[in-house]
Each structure stands twice: as C-alpha cells, then as structure tokens.
Amino acid sequence: MSASLPTPPEIDRSDQADQSEIPSRVVARNEDADFWRRMLLALLAVSLSFVVAAVPILLSGKNPLLAYWALIRGAFGSVDSIAFALNKSTPYILAGVGVALCFRARVINIGGEGQIAVGGIAASWIALNAPGLPGSVLIPLALLGGGCAGAAWAAIAAGMRLVRGVHEVLGTLLLNFVGLLLVSEVLHGPMGEVGAGFPQSPLFPEQAWLPTLLPGTDLHAGILLALLAVVLCHLVFWHTPFGFRLRLLGSSDAAAAYAGVSVVRSLLSVMLIAGGLAGLAGAVEVLGVHYRLIQGFSGGFGFNAVAIALLASLNPIAVLPAGLFFGFLETGALAMQREIGVPSSLVFVIQGLAMIFVLCALGISLRRQRI
Amino acid sequence: MNYAVIIELLSASIRIATPLLLVALGGVISETGGTFAVGVEGMMLGGAFGGAVTVLVTQNILVGLLASMISGVLLAAIVAVATVRFRTDHMVTGLAVNILALGMTSFLLRGLFGGKTPVMVLPTIGTVRIPWLCNLPVAGPILFNEPLMTYLAFFLVIPVHLFLRRTRAGLTLRAVGENPSAAFSVGANPERIRAVAVMVCGAFAGLGGAVLSLQELGTFTDGMTNGRGFLALAAIIVGRWTPFRVMWGCLLIGAASALALNIQGWGLPMSSYVIQMTPYLIALAVLCGIGRKARMPAAIGKAFLRS
Amino acid sequence: SAQDKAAVLLPGSINDQSWNAQGYAGVLRLKEKGWDVAYSENVQPADMAQALQDYARKGYTLIIGHTGRFLSPMELVGPKFPKTTFIVGSGNAGAGKNVASIDFDNTQFGYLIGVLAARMSKTGKIGSVNGLEGLPNVVAQVGAYRKGAKSVNPNIQVKVIYVQDMEDAAGAKEAALSLIAWGADYVSGKLNAGQLGIIQAAKEKGVYANGRSVEDTAMAPDTVLTNIVEKWGDMYGAAADQSKAGALGGKFELYGLNSKDCTGAELLYTKEKELNPIVPQDIVDAIQAVKKKFASGELKVSVTKDDAHGGI
Amino acid sequence: MSPEATVSVSPMLEMRGISKRYGRVQANDAVDLEVSEGQVLGLLGENGSGKSTLMKVLFGMVKPDRGTIQFKGELLARHSPREAISTGIGMIHQHFMLVEAMTVLENIMLGWSRAGAWLRREQIGELIRQTSLSYGLELDPAALVGELPFGQRQRVEIIKALVRGAELLILDEPTSNLSPPEISSLLTVMRRIADQGRAIIFITHKLGEVFDVCDEVVVLRDGRVVGKSLIANATRSGLAHLMVGRDVSTELNRVDRRPGAEVLVMRGVGMRDSSGRERLHDIDLSLREGEIVALAGVDGNGQTDLVDVLAGLKYPTRGTITVSGRDLTRATITDRLANGVAYIPVDRATTSLVPGMTIEENLGLRDFDQPPFRRGFWLNHRAFRKQAEARISEFRIAASGPDAPVQTLSGGNQQKVVIAREIGRNPKVLIAFQATWGLDPGATRFVVDQIMALRSHGGAVLYISSELDEVLMLGDRIGVIADGCLLGLAPRNQVDITKIGLMMAGHRELSGLT
Ligand SMILES: Nc1ncnc2c1ncn2[C@@H]1O[C@H](COP(=O)(O)OP(=O)(O)OP(=O)(O)O)[C@@H](O)[C@H]1O
Ligand SMILES: Nc1ncnc2c1ncn2[C@@H]1O[C@H](COP(=O)(O)OP(=O)(O)OP(=O)(O)O)[C@@H](O)[C@H]1O
Ligand SMILES: [Mg+2]
Ligand SMILES: [Mg+2]
C-alpha cells in the first residue's frame with residue numbers, strides 16, 4: 001500500500017510546503033546549499049535597494065556611486081571600521097538571538113529595549129561599586145549582573161502573563177519605557193557623575209573595561225560572547241529537549257500539552273534566557289563601548305533586535321549574518337554621511353529599503369520550512 | 001484639584017487619545033484581517049507629513065486631510081505588497097516601513113523646500129462647540145467642545161464596530177484573520193482582502209498623523225509621532241481587537257499620560273523620571289487588574305499560501 | 001593642507017527649526033570663515049566615538065559636537081588625536097589639552113525670562129516645560145527662571161514640568177496645556193522641536209510664551225513675547241578662531257551678557273526688536289535694567305538642582 | 001476514454017486528464033471523472049490515493065498541473081473556490097474549513113450572499129435551526145465552533161454546504177465523525193438531493209454507505225483511476241480488492257484470553273467544566289491486562305472529556321484514577337507517559353501531531369525527553385531516525401522518508417503516524433479515541449490488528465468509537481457513553497446490539513446491555 005511512485009534521483013521538496021497556511025517566519029534548514037542561495041538572493045536584494053535609493057541620493061545632488069563606494073569603504077574599508085561594525089552588531093546579535101528563541105515559542109517579547117537598559121544599569125553598578133577587584137573577576141561579575149538584571153526584568157513580564165494573563169507584548173512594551181526611565185533616574189540620582197554636562201555615571205575603573213581583541217582598535221570581546229550565544233542557542237534550539245519543547249510550543253499549544261510540555265516552565269525559561277541575553281547586551285555596551293552608564297546608551301537596540309531576529313527567520317544561527325548585516329550597513333551608512341554629506345535621512349531611507357528588499361527576496365525563497 | 005483641573009485632565013485624556021484612536025481603529029482593521037499593524041507608526045508619520053505639506057501649499061485643510069490619508073495608504077501599500085505578494089514577515093516589514101517613513105519625510109521636507117527647512121505655520125483644525133450640549137456641566141466642556149477630528153475619531157468607532165460585527169464583508173475580514181483557508185474555501189480572496197485591510201489601516205493611520213500636524217500643532221517636525229503608533233498598538237491589545245474596547249484602551253493611555261503630567265505639579269519628593277513611570281505602571285496595574293488573556297486573531301502574521 | 005578642515009556633529013536633524021538648526025548655523029559660519037566643513041546629523045550616542053575618530057583620522061583639525069553628550073566620548077577620543085581640537089557645544093567642562101566646552105550663560109537668559117514672565121503674569125502663576133531633568137544647562141535656565149520670577153514677585157508660583165523628550169511637540173503641548181489649566185498665563189521652556197508645542201498651546205489658550213534657540217515669533221506673533229535666540233554660529237566661529245590661534249586648550253568657555261564680543265545668546269522678538277511691542281514700556285525698562293546688571297557683572301545668578309526642581 | 005462515450009449527451013461534470021504532483025508524490029495522474037445530473041458518484045480509494053486532491057482541484061482550491069474541467073458545458077480553468085461556487089459547485093472538506101473562534105451561525109453565513117451584505121442574523125439563525133432539525137443534524141447556531149466536539153463540527157460543515165444548495169456537491173468523508181443515526185439521515189438527504197436532479201460526489205471509506213447511496217463508483221489508486229463501475233455491477237470484495245490491490249480479510253481471528261490483573265481503575269470520576277456543567281458523572285471503570293473495553297458513543301456525550309481526563313489533558317473534579325495501583329488522578333502528562341499510558345486523541349491536526357514537524361520528530365513527540373531520544377543534555381537524532389525507519393516500515397506509512405513533514409502526508413497516513421507512535425510505545429494502557437477516523441479499510445484493519453496484538457501482549461485498551469462495528473468487533477467488554485454516564489458494560493457475548501443503539505441515542509432507562 002504504497003503511494004509513492006517512481007522516485008526521481010534528487011530530492012526536490014521545493015514546493016512541498018503546500019500547507020494553505022505557513023507561518024511566515026518558519027525557516028528552512030540552513031545547513032545546505034539553500035543557505036547560500038538565500039544569501040545570494042539577499043545580496044541581490046541589497047543591491048536592488050541601493051539602485052532604488054540612488055534616486056533620492058541623486059536628487060540631493062550627490063553622486064550615488066561615490067556615495068555607495070563610501071558606504072562600502074566605511075563598512076569594510078579598514079580594520080577600524082570593521083571593528084566598529086562588529087562592536088555595533090554585538091548587542092544586536094546578543095539580544096536578537098534571545099528574541100528569536102522567544103518568537104519561536106510564540107512568546108512575543110519586544111522588551112529588549114528595557115532589558116538592555118537594566119542590564120546596563122546592573123553592570124555599571126557592579127563596575128562602579130566593586131573597587132579593587134581584578135578585571136578577571138570584575139568583568140565576569142558585571143556581565144553576569146547585567147544578564148541577571150535583564151532576566152529579572154523579563155521575568156516580570158513573564159510573571160504578569162502567567163499569573164494575570166497580561167499579554168507579553170504589552171508587558172514587555174510598557175516595561176521598556178520604565179526601564180529606560182530607570183536609567184535616567186539612577187543617573188539623575190545615585191549613579192550620576194557629579195557636575196557632568198550630561199546624565200552619565202563616572203567612568204568605570206579600567207579593570208572593568210572589556211578587553212579589546214585587536215590592539216589599536218576598539219573591537220571589544222563582546223563579539224565573542226555574541227558568537228558564543230548564537231552557537232549555544234542554535235545547539236540548544238535544534239539539539240536539546242528544551243529546544244524541542246520551544247519548537248512544540250511554537251506550533252501548537254495543544255500539541256505541546258499532549259507532549260507533556262508545561263507552558264509555564266517553558267515560557268518562563270525562554271523569557272529568562274532572552275532577558276538574560278539582552279541584559280548581557282546592555283552590560284557589554286557599557287563595559288565595552290562607553291566605559292560608563294550614559295543616558296540613551298541603548299537607543300533603539302531592542303527594536304533592532306526584533307527586526308534582526310525576524311530577518312533571520314527566527315533561526316538562531318541566522319541571527320549572526322542578520323545582525324552583522326545591520327551593524328555593517330549602519331556603520332557604512334554613517335561613514336557615507338560623513339564622507340559624502342548625504343543627509344542622514346537618506347541613511348534611514350537606505351536602511352528601510354534594504355530591509356524591505358531583503359525581506360521580499362527571502363520571502364519568495366521561503367518555500368521550504370522547518371519547525 | 002479643582003474643577004478646572006479635573007476638566008482639563010479629562011479633556012487632555014480625550015485629546016491624547018484622539019490620534020491614538022484613529023491609528024488604533026486602522027490597526028484593528030489590519031490585524032483583524034491577519035496582518036500585524038507594526039507599520040502604523042510610519043504610516044502615521046507619513047500622514048502627518050503629507051497633510052502638513054499639502055496644507056502649506058493649498059491652505060486647504062480638507063485637501064490636507066485627504067493627502068494625509070493618501071500618504072498613509074502609500075506607505076501601507078508597501079506593507080501590503082511585501083506581506084501579501086512576497087509573504088514577508090509582518091513585523092519586520094512594519095519596522096522597515098517605519099524607518100523608511102522617518103527617512104523619507106525628513107528627506108522630502110528638506111528637498112521640497114530647496115534644502116532649507118521652512119518655518120511651517122499652518123492653519124489648524126479648530127474646536128467646534130456643539131450648541132446646547134457644550135453648556136452642560138462637566139460633560140459640556142469635555143465632550144462637546146472639541147476639535148473636529150476628535151469628534152470624527154470617536155464617531156468612527158461606531159461604523160468600524162458595525163462593519164466588523166454586522167456586515168458580511170466584516171465577517172469575511174475576521175475569517176481571513178482567523179483562518180484564511182476557510183475564507184478562501186467559501187469564495188473569498190484572502191490575499192486581496194488583507195491588502196485592502198492594510199491600506200484602509202494606512203488611511204486611518206494617516207488621519208491619526210494629521211491630527212498631530214493639522215489639529216494639535218499646525219506644523220511638522222521630523223519624527224513627530226514619537227512612538228504614538230506603538231501606543232496605539234498597545235491599545236489594540238488592551239482592547240482585544242474590538243473597536244469599543246480599543247477606544248477605552250486609548251482613553252486609558254490618554255488618562256494615564258495626562259495624570260502623569262499633572263502629578264508633576266504635586267511637588268512629590270521624587271524626580272520627574274519616577275513620576276513619568278507612573279503612566280506605564282498605571283497601565284500595567286490596570287492590565288493586571290483586568291487580568292484577562294488577550295486572544296489574537298489566530299492567523300495573524302501568517303502568510304496565506306495557495307497550492 | 002590648503003584649507004583647515006572642521007566637522008560638526010549634530011545629535012538630530014537640521015530640520016528641527018531649533019537646536020540642530022542652530023548647530024547647522026555653526027556649520028555655515030565656519031564655511032564663511034573659510035573652513036572646509038563637513039557635518040553629520042543624527043549622531044547617536046553609540047556612534048559618537050566612532051564618528052569623532054573617523055573625522056580626526058581624516059585630518060579634521062576642529063571637531064564640534066553639538067550637545068553636551070559629546071563630552072564623554074571626546075574625553076576618551078581626545079588624547080588619541082592631540083592635533084585635533086574637540087569642542088563640546090553646551091558642555092560644561094574642558095578635558096585634557098584639546099577638549100573644550102562652550103556654552104552660553106543659561107542662567108542669565110533664564111533669569112531675564114523669569115522677570116519678564118512674572119511682570120506679565122496676571123494670575124501670579126507661570127510655568128515652564130523642559131526636557132531632561134538635572135541636565136546642567138537645563139538646571140541653569142530653569143532655576144534662574146524661577147529665581148528671576150521670584151525676584152519680581154516673591155509670591156509668584158512657578159510650576160516646572162519635565163517631559164523627557166525635547167523633540168516631541170505634541171507631548172510638550174499637553175504639558176503646557178496642563179500648566180495653563182492650572183492657571184499659568186506665561187509658559188516658558190527649554191525644548192527643541194518641542195518648543196513649538198508650548199507656543200501652540202499658549203496661542204490656543206491666549207497666554208504668553210517665549211521661543212527658544214531660534215526665532216519662533218512667526219508661529220504666533222501675539223503669543224510669543226520674545227525668544228532666547230542662541231548664537232551658536234558666533235560661538236563656534238569665535239571658538240574656531242581661538243583654536244586656530246591655539247588659544248582654546250582644554251577649557252570651558254561660558255559666553256554671556258558680560259562677555260566681550262559674543263554674548264552667546266540674545267533676546268529677540270524680531271530681527272530689530274527685543275520684545276513684543278505689547279510688552280509695556282515699564283517692563284521693557286525693567287528687563288533692560290537687569291541686562292545691564294548682568295553685563296556689568298553686578299548681578300550673578302547661581303542655581304542648584306533644587307532651584308530647578310519639578311512642580312511648584 | 002473511448003470516442004463513442006463522448007458522443008452521448010454530455011454529463012454535468014467532465015474532468016479530463018487531471019494531474020497534480022507534490023514533490024515526489026504524483027497525487028493525481030491523468031484522472032478522468034464524469035458525473036451527470038441526478039447521480040451520486042462514490043469516489044473510493046485507499047489513504048493517499050488522491051481523492052481529496054482531485055476534489056480540491058475541482059473546487060478550485062488546488063491548481064492542477066494539467067487537465068481540463070468542464071462543468072455544465074463551461075470550461076473551468078484557473079478557477080478559485082469563488083468561481084466554483086458561483087457556477088454551482090459546493091464542497092464539504094475532509095479537514096474542516098471552519099473558523100473556530102466564530103459561532104456556527106457566523107461560519108455558515110461566511111461568504112454566503114444570502115446572508116446579506118448587512119448580515120441577517122435572526123433569519124439565517126432560524127434557517128439553520130430548521131434545516132439542521134429537518135436533516136436530523138441538530139445544531140445550535142450560537143455555539144462557538146471551537147468548543148464543539150468533532151461530530152458537531154462535521155455537522156456544521158454539512159449544513160454549511162447543504163443550505164447553499166449547490167448543483168454539484170462534493171462530500172469528502174463527511175461520515176467519519178458521525179454516529180450511525182446521523183449517517184443514515186445524511187444518506188437520506190443525499191438521495192433526496194440527487195432525486196432533485198442535482199449531483200453528488202461522495203468520498204467514504206465505508207463500503208456499506210457506498211452501497212446504500214451511490215449510483216456509480218470510481219476507484220483511485222496511487223493517483224490513477226483503477227476502476228469504474230455502476231453500483232449494480234459491483235461487489236463489496238471486488239471494490240475492496242480494487243482499492244487496496246489485494247484482498248482484505250474481514251474475519252478477525254480472536255483468541256480468547258483470560259484477562260490479567262487490574263491496570264487502570266477509575267473510581268467515581270466526575271468532571272465539571274468551567275461553566276459548571278456536569279460533563280462526566282461518577283464513572284467507575286476498571287481495565288485489566290490483556291483486555292479491550294470498547295465504548296460506543298455519539299460525539300458530544302462526554303467521550304472527549306473521559307479520554308482527556310485519562311490522558312491528563314484535563315483534571316477530574318471528583319474521584320480517583322489509578323494505574324497499576326499508583327494514583328495518577330492529578331498527575332502530569334509526563335508522569336502518565338512514564339507510567340505507561342498511551343493516548344490516541346481524535347484531533348490530529350492540532351493535538352496529536354505537529355504538522356510542520358517531520359515524521360521522525362512526530363514519532364518521538366512523547367518521548368523526546370527520555371533515553372534513547374535524549375542523551376544527557378542532547379537530543380539523539382540518530383535514535384529518532386532509527387525509530388522512524390522501523391515504524392514506517394512496520395506500520396506501512398506511505399511517505400517519502402522519515403524527514404518528510406507530516407503535513408505532506410494524506411489524512412490516513414497521518415493517523416498511522418499517531419497510531420504507530422502510541423502503540424509503538426508498548427503501553428500498559430492504551431486509550432484510543434476514534435482511532436480509525438479517516439482510515440481506509442486496509443488501514444483500519446491494520447489498526448485493529450495492532451490493537452489486538454497489543455492485547456495479546458498484555459496491554460489494556462480502552463477503545464472509544466462511534467463505529468459500532470469496530471466496538472463490537474474489538475471489545476472484550478462493551479459499554480456505552482451517553483450524557484457523561486458510562487452505561488452498561490457487559491461481556492461481548494452478552495450484549496444486545498439493539499439496546500446499544502438505543503442507549504447511544506440517550507435512552508438511559510435501559511439498565512444494561514444484556
Ligand atoms: N517545559 C517543561 N515542560 C514539562 N516538563 C519539563 C519542562 N522543562 C523541564 N521539564 C521536565 O523536568 C525535568 C527537569 O527539568 P530541567 O530543566 O532541570 O531538566 P534538564 O535536565 O535541565 O533538561 P532540559 O532543560 O533539557 O529539559 C526534565 O527532565 C523534564 O522532564
Ligand atoms: N499539501 C501537500 N503537500 C505535499 N503532498 C501532499 C499534499 N497534499 C496531499 N499530498 C500527497 O498527495 C497524495 C494524495 O493525498 P490526498 O489527500 O488526495 O489523499 P486521499 O485520497 O484524500 O487520502 P485520505 O483517504 O487519507 O484522505 C498523498 O500521498 C499525500 O501525501
Ligand atoms: Mg534545563
Ligand atoms: Mg482525503
């Protein structure tokens with residue numbers, strides 16, 4: 001009783017995804033050649049968006065070719081710019097991979113913004129209040145503190161969802177505002193530098209600064225943490241029972257319950273992980289870039305993280321290229337502004353167009369899916 | 001607190017809620033049809049911009065409102081094409097459109113006026129006193145002495161509600177958001193319906209933006225929506241995707257923000273930062289109090305694929 | 001190099017009809033003075049250090065950061081580029097040998113506006129809507145506003161509201177409206193694009209207000225009594241000259257009515273007039289008297305965080 | 001197709017050379033199908049033979065790769081359900097096309113022009129109430145579909161199609177979820193429709209129904225038409241042979257077996273739902289090793305609650321449940337799994353399967369946290385693969401491989417995955433609920449054999465079904481659930497079949513089945 005017919009030699013599943021509804025964020029296995037096809041498509045899409053964005057650049061009286069050359073050089077042109085772009089990608093990747101796990105379990109955590117903020121606060125507090133500790137103790141401690149604070153912040157939203165049924169979108173969104181205000185408050189009060197011209201904490205002692213990886217550049221060790229986080233999350237997601245549970249939750253509550261998964265435990269743990277990673281991102285940012293807590297240090301990171309996670313089709317490992325894409329694009333666009341004098345508004349235009357085109361390209365290629 | 005202050009608190013709530021409500025109603029339509037309305041922030045900004053520029057040129061507010069709707073629809077069309085035709089993720093598409101709108105409005109503002117930002121002083125939509133009713137105590141000054149768009153926003157709740165609950169088209173829209181295959185199997189075209197819903201949302205959001213530029217401020221500044229689109233999305237969840245409850249959600253946000261401004265005058269021994277947390281904490285507390293689980297439209301964010 | 005190169009970094013968009021537009025005026029002024037000027041808009045805190053280094057590496061000898069936020073990254077970057085002069089616009093401290101801060105004396109102008117507001121108020125209540133609480137220049141203007149008002153009328157009630165966001169005009173308008181509902185009939189403030197919201201609220205409710213940073217008179221000629229027009233073009237021009245002459249160093253320069261060439265800011269209703277013609281002559285005279293005292297150094301106002309506290 | 005056949009007066013529907021390929025699977029291969037007015041055409045075929053696909057092509061849900069469709073002389077090409085509906089085709093889908101968050105009324109009004117642009121709720125509600133009553137498929141228009149048991153949802157699908165009154169009605173396995181009386185009224189309605197000169201295509205796996213109502217049958221196998229015959233010329237065994245390509249024996253060789261010790265014991269189990277309604281009344285039941293207790297019941301009488309309570313998806317409000325002496329009344333699903341409880345639920349679309357996951361993952365759905373599927377911190381993918389390969393061949397699951405997503409399987413093969421997993425766990429207690437839903441006779445037989453094998457290995461089975469035949473065939477003891485009560489329960493050789501029917505219909509005054 002077999003329904004299978006003469007089998008063609010190569011397996012072509014390219015249009016098998018004929019489910020009438022496909023969660024648009026479900027992904028293909030990326031281990032194979034398809035990954036490169038998608039990358040190529042994405043690259044084409046970026047080029048196309050540049051072509052479109054050339055129109056306003058021309059209108060603003062600049063030469064688009066020069067502008068894009070400046071952009072490319074600004075992103076990849078020197079060790080320094082690469083270092084900067086990597087630094088920029090670091091918090092995006094850290095927070096983004098956590099968001100990817102959450103969204104996979106259908107927990108819509110948009111609280112990265114607030115979790116990063118409190119992570120930064122906690123790490124700063126530790127860096128400022130543990131004088132005398134050597135860097136090898138102080139830095140891990142501060143990173144850990146940041147991660148715990150972020151996790152705790154996420155746990156509030158998770159708790160409200162579990163106990164009172166408050167939708168996590170609302171919980172995390174509102175806590176973002178509170179978290180950001182908390183930064184202002186501590187800088188206005190206990191942690192502020194007296195007499196400073198701006199809401200900021202005193203400079204951390206040097207042993208609390210994240211070590212730089214490349215002497216002479218600002219590239220700090222955070223990118224290693226980001227890499228580690230991506231690899232771990234990938235392994236955990238695809239290769240552990242915990243990841244299996246998340247995947248189940250992401251497909252159906254009923255099936256998850258049937259498989260013996262406790263929604264409460266899984267939701268709480270995935271929120272803690274994502275919050276922890278976001279908090280870590282905040283810690284890395286203050287310890288690696290600013291060397292102090294400063295108002296607005298995390299502006300927009302949380303939302304970028306969401307965009308990056310989704311751009312990566314919620315595939316933990318794909319968060320890495322997506323985060324790097326953001327980091328390098330932003331770095332290049334900023335350099336382009338400096339070099340050519342393209343108005344900053346066009347930086348947003350290019351960024352928006354690039355995202356839309358990449359999404360469309362990946363959207364079409366998104367035929368195969370894996371849950 | 002005296003009478004005047006209470007009146008002001010309540011009317012401030014309504015004022016703050018007005019643009020949110022317009023945007024949220026559009027968002028309800030889009031999300032009921034199954035498309036996350038994350039792009040409303042950008043559509044709102046586009047509307048504020050289109051309206052302002054048009055009024056600057058034509059000095060005609062009606063034309064300006066029309067232009068704001070068109071601007072919103074244009075941005076919405078991007079979302080519609082990307083999500084429906086290319087099946088992109090709704091949320092990132094929305095976020096991308098927000099970024100695009102921020103850049104485009106700023107760029108065009110400068111570009112349209114030869115690189116120099118104009119000092120925009122626009123005629124604004126004035127208050128309309130409703131004769132008789134505006135003389136009622138309390139309710140009079142709060143409810144019947146408002147600008148035109150405020151009446152419009154609150155009035156629109158009714159047709160949107162009736163549309164969703166009482167018409168066949170509304171029923172189909174809801175079905176498309178819940179189970180597009182089921183809608184397809186009874187002859188609907190989920191893709192077209194979703195695209196239209198997103199564009200209608202754009203029109204609403206554009207109007208919401210026009211409230212800021214043409215009713216509240218009479219000018220346009222870069223990024224002037226400043227996250228109000230996201231607050232509208234929050235109101236949609238608070239209101240669980242039904243127009244009247246969403247209206248209450250907007251009013252809750254309005255009241256909480258108005259209160260936070262007012263509390264600053266009480267001379268409490270805490271910084272303004274702590275006080276400014278209050279609207280969010282109030283909102284969280286209220287939500288915990290209501291404590292009911294929101295249920296999103298089942299197929300929201302999911303692409304519809306024909307075989 | 002044939003021409004000296006200068007770069008100006010702005011925290012927002014030059015469209016804002018306010019603070020960043022003023023920073024852009026600095027760009028134009030340096031151009032007039034023969035500098036080869038580049039500028040960047042919307043420079044976010046996370047990108048500041050990179051932007052500074054990038055310009056410095058490219059041989060820009062003068063780099064201006066147009067907000068106090070630049071002080072921290074300049075302190076870090078400055079020592080690496082000893083040949084470059086870094087200037088923090090609206091900073092409050094110099095650092096090292098080549099990081100200087102300049103600002104205008106916010107206390108003087110805050111005080112003047114306080115006097116004006118208190119004299120013009122009929123209700124005995126005036127208000128002020130501002131951005132970040134605790135920022136030194138905000139403390140300076142707001143504290144002095146309160147002090148100036150009290151110097152005229154010790155019983156006057158001054159209510160101060162902070163709204164966080166200096167660009168959110170609609171939010172600022174709501175704050176101003178709440179002050180007006182409380183009874184304020186003069187609303188001041190220190191906001192960027194948000195200042196428009198204050199003026200719009202005052203215009204709708206028929207009370208007085210003042211503009212800030214640039215001339216906002218056109219928004220509402222009957223509402224705006226005057227504007228604190230900041231002279232960033234002049235200040236940056238002067239600083240550029242000094243830096244060229246090697247005289248700037250790592251110091252903090254505060255311009256005011258008591259400075260010689262450049263007062264840093266001035267009260268302007270229109271190009272010709274200081275105050276709205278509806279301001280009665282005796283009040284005009286009173287303002288002039290205070291200005292004189294500032295110019296001569298006879299009056300010095302110092303404020304603390306407490307003077308600028310929120311609420312009444 | 002012979003040329004002289006086309007000379008005669010052209011039939012209502014002519015499908016010619018329809019082909020549809022899904023990846024490696026040729027779901028339809030040059031299928032020809034004709035239906036004329038007044039005809040009930042039976043479409044038969046084993047699971048995965050392409051029946052649903054062919055019907056979806058006809059209805060415009062699926063685009064064929066090749067082939068033409070002519071309906072009432074008009075060519076239907078590149079059409080969607082909208083065109084199909086407007087030309088007079090209606091369809092009842094095998095997998096419900098219902099919006100769970102909406103009421104029955106709303107589901108029926110959906111996309112129906114007679115409901116009015118401004119919805120006429122009262123009139124349509126009344127219409128539904130009356131139609132459903134007259135068809136013997138009673139429905140409450142105000143009920144939320146998501147809260148209805150599956151049998152009721154099936155009714156909604158049927159009523160939805162019937163009230164629209166299509167000229168050609170496609171019914172894709174409408175009877176799998178209905179009780180015998182419901183089935184017979186549906187068949188009557190179908191006959192009536194055909195007598196009005198309309199036409200019906202009827203898909204079912206139950207040959208009895210085919211002989212009751214069809215005029216002609218077409219049999220598909222592996223996507224091709226392998227047989228076509230007037231019903232008058234067909235025989236049961238002939239059809240079965242055509243479908244499966246071999247003989248399906250109907251005889252079950254039952255070895256009588258002395259049941260062993262009590263395994264599952266329920267004492268006074270009762271349950272109230274959130275609205276306070278009593279769903280289960282004091283159920284006492286004991287299951288012994290090597291024993292099958294088969295319960296017959298019409299959907300909506302508490303079977304769902306009974307099995308959910310046993311499986312741990314819901315908790316009872318009263319009473320105790322023990323397995324091998326261990327109290328599992330409020331134990332988690334994981335505990336129950338560990339204590340050897342297996343469960344085949346009715347809802348494979350959302351509960352027992354994750355359609356987007358692969359077959360191997362679905363086969364490991366209930367044990368992924370246990371060795372060998374888990375090795376320390378990690379999942380052991382090789383163990384998943386090994387188990388899947390074994391089960392696929394053992395249970396003859398038609399699939400392209402262990403890594404095929406379950407959603408690409410035909411309905412019947414999806415069910416086999418569930419059965420393979422649950423029986424393959426070698427459970428102490430198996431709770432099977434409508435386990436053969438949608439299975440072709442061969443597969444049904446296969447499942448029955450597997451359950452018998454489990455029994456002979458000493459497993460205890462609670463088998464609940466609305467298929468009276470299966471209940472009678474399998475049960476060592478047989479009972480009825482009606483209105484949340486467990487009635488009767490008598491040894492198989494003592495039961496009185498007519499009494500079962502009456503009890504299922506709710507005649508509680510009968511005190512026993514004997
Ligand atoms: N979300 C969940 N739902 C149901 N059971 C769970 C859940 N998480 C854990 N468990 C069960 O609790 C046991 C102990 O949990 P714990 O998280 O400490 O396990 P673990 O050994 O860390 O493995 P893992 O985290 O991969 O489940 C697990 O072996 C599992 O059976
Ligand atoms: N969406 C799909 N994607 C891939 N393959 C599919 C899809 N739908 C059906 N198939 C394959 O097409 C073949 C025919 O399936 P179809 O559903 O038509 O069978 P059926 O005759 O209706 O079976 P059943 O009696 O089990 O319902 C099966 O082998 C199935 O695996
Ligand atoms: Mg664990
Ligand atoms: Mg089928």
Side-chain angles (χ1 to χ4, degrees), chain B residues 1-2 4-9 11-12 15-16 19 48 102-103 105-107 109-110 113 115-121 124 126-127 147 211-213 215-228 254 257-273 275-276, chain C residues 12-18 20-21 24 41-42 127 129-134 157 159-165 167-184 192-197 199-201 203-205 214-221 305 309-312:
Chain B
M1 272 199 274
N2 58 26
V5 170
I6 291 173
I7 299 283
E8 171 57 22
L9 259 182
S11 39
R15 248 188 340 258
I16 299 172
L102 185 63
T105 51
S106 171
F107 175 74
L109 185 65
R110 223 176 287 179
F113 300 95
K116 260 183 60 190
T117 323
V119 178
M120 266 200 219
V121 187
T124 51
T127 45
V211 170
L212 291 183
S213 66
Q215 171 164 304
E216 288 294 321
L217 295 167
T219 190
F220 176 85
T221 61
D222 283 2
M224 72 189 296
T225 47
N226 199 38
R228 285 178 176 77
S257 337
L259 194 63
L261 287 174
N262 203 272
I263 294 175
Q264 282 203 45
W266 298 357
L268 299 177
M270 53 180 81
S271 80
S272 62
Y273 301 112
I275 293 174
Q276 277 171 24
Chain C
S13 143
I14 61 171
N15 283 3
D16 73 348
Q17 308 176 38
S18 183
N20 292 288
Y24 186 62
E41 296 170 80
N42 275 315
V129 182
N130 308 281
L132 293 176
E133 183 178 6
Q157 289 182 295
K159 194 188 247 186
V160 175
I161 291 186
Y162 292 98
V163 291
Q164 288 284 334
D165 196 320
E167 313 296 335
D168 182 7
K173 183 185 175 192
E174 281 307 327
L177 285 173
S178 83
L179 290 173
I180 296 168
W182 160 71
N192 297 344
Q195 200 82 10
L196 302 176
I199 295 171
Q200 184 66 26
K203 179 175 161 186
E204 276 174 23
K205 298 291 173 185
V214 296
E215 248 178 56
D216 292 321
T217 307
M219 287 288 303
K305 259 190 186 178
H309 67 82
I312 300 171

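- Contact of C:D165 with chain B is made through the side chain alone, with heavy-atom distances under 4.5 Å.
- Side chain of B:Q264 to backbone of C:Y162: a donor-acceptor contact under 3.5 angstrom is found.
- To the nearest 0.5 Å, atoms NE2 (C:H309) and CE (B:M270) are separated by 14.5 Å.
- Here CG of B:D222 is found 12.0 Å from CG of C:N192. Values are rounded to the nearest 0.5 Å.
- Considering all non-hydrogen atoms of both residues, B:E216 and C:K173 come closest at O-NZ, 2.7 Å.
- Side-chain contact between B:L261 and C:V163 is present, with at least one heavy-atom pair separated by less than 4.5 Å.
- For the pair B:N226/C:E167, no side-chain contact is recorded, criterion being any heavy-atom separation below 4.5 Å from C-beta on.
- Contact annotation for B:T221: only side-chain heavy atoms (C-beta onward) come within less than 4.5 Å of a heavy atom of chain C.
- When all heavy atoms of C:G171 and B:R228 are compared, the closest pair comes out as N-NH2, 3.2 Å.
- With B:Y273 contributing its side chain and C:E133 its backbone, the two residues share a donor-acceptor pair below 3.5 Å.
- Annotation: side chain of C:Q200 is not in contact with side chain of B:T219 (no heavy-atom distance under 4.5 Å).
- Scanning all heavy atoms of the two residues, the minimum distance from B:M120 to C:M219 falls at O-SD, 3.9 Å.
- The contact between B:S271 and chain C is made by backbone and side chain atoms together, counting heavy-atom distances below 4.5 Å.
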Verify salt bridge (Lys or Arg N to Asp or Glu O under 4.0 Å) between B:E8 and C:K205, making sure each step is shown before the conclusion.
CA-CA 12 Å; B:E8 171 57 22; C:K205 298 291 173 185; 5.2 Å; no
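- Every residue two or more places apart in sequence or in another chain was checked for a ring-ring contact (aromatic ring centres under 6.0 Å, His included) with B:F107, and none qualifies.
- Heavy-atom distances place the side chain of B:Q276, and not its backbone, under 4.5 Å from chain C.
- Counting heavy atoms from C-beta on, the side chains of B:S106 and C:E41 never come closer than 4.5 Å.
- With a 4.5 angstrom heavy-atom cutoff, B:T124 touches chain C only via side-chain atoms.
- Between chain C and the residues B:I263, B:V121, B:L217, the most heavy-atom pairs under 4.5 angstrom are made by B:L217.
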